[in-house]
A.B. asks: 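What follows is a single structure, and I will ask about it in a moment.
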Amino acid sequence: MAEPKENVLMEKIVSLCKRRGFVFQSSEIYGGINGFWDYGPLGAELKRNVKDVWWRTMVHQRDDVAGLEATIIMAPQIWRASGHVDTFSDPMCDCLLTKKRFRADQVDEQSGTAYHYTGAKDTVSGKEINETYSVLLAPGKPPESARKTATQFYQQRGLQNIELLGENTEKVEKTTRYNPENGSLLTPPVPFNLMFKTYVGPTATEADVAYLRPETAQAIFAQFKNVLETSRQQVPFGIAQVGKAFRNEVTPRNFTFRSREFEQMELEFFIKPDEAIEAIHGSVAKPTGPGHPGEPQPNWGWQLWHQYWVEERVRFYEGIGLSRDTLGFHIQTPEELAHYARATTDILFKFPFSKVDENGEMKGEELEGIAARSDFDLSQHQRFSGKSMGVFDEELRTGWAKLDDAKKADISKRYYEARLKYMLKTGVPQEKAEKEAKDNADGLAKGQYIPHVIEPSAGVDRLILGLITNAYSEVISTDDKGKTETRVIMKFHPRVAPYKVGVFPLLKNKPELVAKAKEVFNLLRPHALAFYDEAGAIGRRYARQDEAGTPFCVTIDFDTLGEKPELLNTVTVRHRDDGKQERMPISELLGWLLPKVR
RNA sequence: GCGAGCGUAGCUCAGUCUGGUAGAGCGUCACCUUGCCAAGGUGAAUGUCGAGGGUUCGAAUCCCUUCGCUCGCUCCA
């Protein structure tokens, strides 16, 4: 019921984005390209502000996070270690009758009699279709059931009174070419690679194949050791990166929400394994209730770190104008979790295209996932590269020495089991896995381990879309003549708003006003993005800035010039969201404005 | 990838059924005017009607192909 209205809202937002220069379709003059979007003047500022706030929050204002900017194309082995090459290259095929999609390697092998047809004819209209089709008949089933399926197939293609043509049969063994549910022929398997492929070097042979990164995270893991050694950080610490990633999505949808080229803001925060915490501190601190657990403590286990980062990230969203009630949360169930993940909490935003579930509740779409990924990623890179991803922990070594033998044995056993579980899951043979797990457990006793990781990973473009959606508001007013008009106000948080302040002379045909306005504009410009406008009536200029989301407008009027001497060198500051004005001296303007927009 | 719908000026849309060579409102720009919330006046620019092909004397309009957008299915590490 609410659906049509919501689509209207989405259409308005898309339309505004284009009209005001937030988002354009990529390559629009050539008809566009599916799944790619460009940011116009306002969108570019908005996006830059969001990334800046993230970087300041996650890197500059913390002691325990270092930055990284890695390449988009990396050694292809990285994507084997991460598992992307395997999970991305599934051949897929569709049932010709029901259109259901199958992974070609997951179709059960079947045997039976294949009924082939060269086509079909409509006995009334005489119309003929020459498309070939086949049905697999399981042993013991009557031939009529194969003919019935084939008839359905040709009915879908527009015939009514069907006469099947060219029937012939063939015994087949262990075929995967037919839909096990109905016997219908499947389309030929088509490889489904969701990674963008390219070639490094001019020869473009298979040996030169490389991929555009499908996520930024792996670069962080690959450079973990270098960052650790050059940043003078020690576990626990994080590496942050903002950058482009590429996925050849089957269906890009919902404006910029799912696009093929997108940007991520990711933190990989490395922590000690719980076993190490226990050895050092005697026990592992665990969550005691919901909410922010406060400043990080040395005895936190992975669960507290996970909770901490979820809450930190919510504070970030609140800080740029997405209040907690606009967000949703999804705690992934054990079935949903990737096999290496221990827990994942998604932070959601309710978009106009978000679905309402059977209980009438809208959960929203994912803006960010905060995953506890154990030591899977670094372990994989250690295994594939042959380079150690372990760290040495002095605290652990001294802590371990103080433990009694029973405690040592207990912790050692649990660490051994965790490592063994990882090895076996990733296909390491039993014997080798046991040996390596034992080596790992022995290493722990000497102060060595592979760090675990908590990964808050956010999509920039979907956040931008969320901010635009959240900011969008309409004011409908009726003038004296009874004409109604709708004004759009983009209520961005001042921190992310594209323009921070508009500067206007009240009238443009009074040179003194114009000169003074330009003076104020030049005063503000070096510190906060300002927009000067003298065209049209003052109300129109306010309205234009409302649509761009500019939180404040400064107007230079005759009082500024001293018409009322006590108001000399004061201006009016007009607030976007309520239209209210206040008067302040030009000399106080910057000091008033800057704290609000930073 | 499959199915359905849609694509005309910067935006919203009329015109498509019934082929005769493109319009409205808003916006934009210039000048005038305007003493605080899209006021008014004058003037101007902007469309190979998504693209390509076909039918026709003639195509925005009919047909085919293709690209894009929306929705449903599928996919989403």
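Residue numbers begin at 1 in each chain, while the letters A, B, ... track the order of the sequences.
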A.B. asks: Could you work out the separation of G52(B) and U61(B) based on their P atoms and round it to a whole Å?
C.D. replies: 12 Å

A.B. asks: Counting only Watson-Crick pairs (N1-N3 plus N6-O4 or O6-N4) and G-U wobbles (N1-O2, O6-N3), all under 3.5 Å, who is the partner of A30(B)?
C.D. replies: U42(B)

A.B. asks: Cut-off 3.5 Å, side chains only: do R80(A) and Q77(A) have a donor facing an acceptor?
C.D. replies: no

A.B. asks: Under 4.0 Å, heavy atom to any atom of RNA chain B: which of residues 35-45 of chain A qualify?
C.D. replies: G35(A)

A.B. asks: Parallel, tilted or perpendicular: which one describes the rings of F376(A) and Y422(A), with boundaries at 30° and 60°?
C.D. replies: perpendicular

A.B. asks: Output the rounded distance in Å from NZ (K564(A)) to C1' (G35(B)).
C.D. replies: 11 Å

A.B. asks: Check the distance between A38(B)'s P and R544(A)'s CZ and give it to me in whole angstrom.
C.D. replies: 12 Å

A.B. asks: Hey, does Q581(A) reach any base, or is it just sugar-phosphate, or nothing, if we go heavy atoms under 4.0 Å?
C.D. replies: base

A.B. asks: Between K516(A) and E519(A) (salt bridge meaning N to carboxylate O under 4.0 Å), is one present in this structure?
C.D. replies: yes

A.B. asks: Touch check for F255(A), heavy atoms < 4.0 angstrom, all strands: base, sugar-phosphate only, or nothing?
C.D. replies: sugar-phosphate

A.B. asks: I'd like to know if the side chain of E368(A) reaches the main chain of I347(A), judged simply by a donor and an acceptor atom lying under 3.5 Å from each other, with no hydrogens or angles considered.
C.D. replies: no

A.B. asks: Quick test of the criterion, 5.5 Å between centres and less than 30° between planes. Is F558(A) stacked on G35(B) or not?
C.D. replies: yes

A.B. asks: Reading RNA chain B from 5' onward, which residue's closest nucleotide shows up sooner: K510(A) or E547(A)?
C.D. replies: K510(A)

A.B. asks: What is the distance, to the nearest angstrom, from the CG atom on L506(A) to the P atom on A39(B)?
C.D. replies: 14 Å

A.B. asks: Could you check how far CD of E534(A) sits from P of C32(B), rounded to whole Å?
C.D. replies: 11 Å

A.B. asks: Paired with G58(B) by Watson-Crick or G-U wobble geometry, both distances under 3.5 Å: which nucleotide is it?
C.D. replies: none

A.B. asks: With both distances under 3.5 angstrom, what nucleotide forms a Watson-Crick or G-U wobble pair with C75(B)?
C.D. replies: none

A.B. asks: Okay, side chain of R177(A), backbone of L186(A): is any donor-acceptor separation there less than 3.5 Å?
C.D. replies: yes

A.B. asks: Is it the case that T570(A) and R583(A) place a side-chain donor and acceptor less than 3.5 Å from each other?
C.D. replies: yes

A.B. asks: Have a look at D557(A) and say if it touches a base, only the backbone sugar-phosphate, or nothing, with a 4.0 Å heavy-atom cut-off.
C.D. replies: base

A.B. asks: On a whole-Å scale, what distance lies between the C1' atoms belonging to C26(B) and G68(B)?
C.D. replies: 25 Å

A.B. asks: Can you classify the ring geometry of F353(A) versus F351(A) as parallel (below 30°), tilted (30 to 60°) or perpendicular (above 60°)?
C.D. replies: parallel

A.B. asks: Could you tell me the separation between the NE2 atom of H84(A) and the CD1 atom of I78(A), rounded to the nearest 0.5 Å?
C.D. replies: 11.5 Å

A.B. asks: Tabulate atom names and distances for all N/O pairs under 3.5 angstrom spanning the protein and nucleotides 4-14 of chain B.
C.D. replies:
| residue | atom | partner | partner atom | Å |
| --- | --- | --- | --- | --- |
| C11(B) | OP1 | K18(A) | NZ | 2.5 |
| C11(B) | O3' | S15(A) | OG | 3.2 |
| C11(B) | O2' | S15(A) | OG | 3.4 |

A.B. asks: Tell me the interatomic distance from R541(A), atom CZ, to A39(B), atom P, rounded to whole angstroms.
C.D. replies: 11 Å

A.B. asks: State which of A38(B), C36(B), C76(B) makes the closest approach to the side chain of E249(A).
C.D. replies: C76(B)

A.B. asks: Rounded to whole angstrom, note down the C1' distance from G25(B) over to A14(B).
C.D. replies: 11 Å

A.B. asks: Taking C11(B) as the reference, what is the distance to G35(B) when you measure between their C1' atoms (whole Å, please)?
C.D. replies: 32 Å

A.B. asks: Strictly below 4.0 Å: does N254(A) bring a side-chain N or O up to OP1 or OP2 of C71(B)?
C.D. replies: yes

A.B. asks: Compare the minimum distances between each of U34(B), C37(B), G68(B) and the side chain of K508(A), then state the nucleotide with the smallest one.
C.D. replies: U34(B)

A.B. asks: Any carboxylate oxygen within less than 4.0 angstrom of a Lys/Arg side-chain nitrogen, looking at R462(A) and E365(A)?
C.D. replies: no

A.B. asks: According to the Watson-Crick and G-U wobble definitions, with both distances under 3.5 Å, which nucleotide is paired to G35(B)?
C.D. replies: none

A.B. asks: Any luck finding a side-chain donor-acceptor pair between Q218(A) and S82(A) under 3.5 Å?
C.D. replies: no

A.B. asks: NA contact type, S82(A), heavy-atom cut-off 4.0 Å: base, sugar-phosphate, or nothing?
C.D. replies: nothing

A.B. asks: Measuring only the C1' atom in each nucleotide, how far is A9(B) from G5(B)? A whole number of Å is fine.
C.D. replies: 24 Å

A.B. asks: Do NZ/NE/NH1/NH2 and the carboxylate oxygens of R574(A) and D546(A) come within less than 4.0 Å?
C.D. replies: yes

A.B. asks: Could you tell me how far A60(B) sits from G7(B) if I compare only their P atoms? Round to whole Å.
C.D. replies: 16 Å

A.B. asks: Under 3.5 Å for both donor-acceptor distances, Watson-Crick or wobble: does C6(B) have a partner, and if so which one?
C.D. replies: G68(B)

A.B. asks: When rounded to the nearest Å, what value does the distance between P atoms of G10(B) and G72(B) take?
C.D. replies: 30 Å

A.B. asks: Write down the partner of C11(B) under the Watson-Crick or G-U wobble criteria, each distance required to be under 3.5 Å.
C.D. replies: G25(B)

A.B. asks: Looking at D557(A) and D559(A), would you say the former's side chain and the latter's main chain have a donor-acceptor pair under 3.5 Å?
C.D. replies: yes

A.B. asks: Could you give the CD1-to-C1' distance, from I33(A) to C69(B), as a whole number of Å?
C.D. replies: 15 Å

A.B. asks: Suppose you measure atom C1' in G3(B) against the same atom in U48(B); what distance do you get, rounded to whole Å?
C.D. replies: 33 Å

A.B. asks: Is there a side-chain contact between R253(A) and the phosphate of C76(B), meaning an N or O under 4.0 Å from OP1 or OP2?
C.D. replies: no

A.B. asks: Within the 4.0 Å heavy-atom criterion, would you say E365(A) contacts the bases, only the backbone, or no part of the nucleic acid?
C.D. replies: nothing

A.B. asks: Which of these nucleotides, U33(B), C36(B), C71(B), is closest to any side-chain atom of F353(A)?
C.D. replies: C71(B)

A.B. asks: If you check the R247(A) side chain, which of C69(B), U28(B), C76(B) turns out closest?
C.D. replies: C76(B)

A.B. asks: If only side-chain N and O atoms of R540(A) are considered, is one of them under 4.0 Å from the OP1 or OP2 phosphate oxygen of G27(B)?
C.D. replies: yes

A.B. asks: If we call it a pair only when both distances are under 3.5 Å in a Watson-Crick or G-U wobble match, what pairs with C49(B)?
C.D. replies: none

A.B. asks: Please tell me which of T486(A) and L507(A) maps to the more 5' nucleotide of RNA chain B, matching each residue to the nucleotide holding its nearest heavy atom.
C.D. replies: L507(A)

A.B. asks: Scan every strand shown for a Watson-Crick or G-U wobble partner of U16(B), both distances under 3.5 Å, and answer none if you come up empty.
C.D. replies: none

A.B. asks: Roughly, in whole Å, what's the span from CE in M195(A) to C1' in C75(B)?
C.D. replies: 16 Å

A.B. asks: Can you check the F257(A) CZ to C69(B) C1' distance for me, whole Å?
C.D. replies: 18 Å

A.B. asks: Does a donor on one side chain and an acceptor on the other come within less than 3.5 Å for D377(A) and Y340(A)?
C.D. replies: no

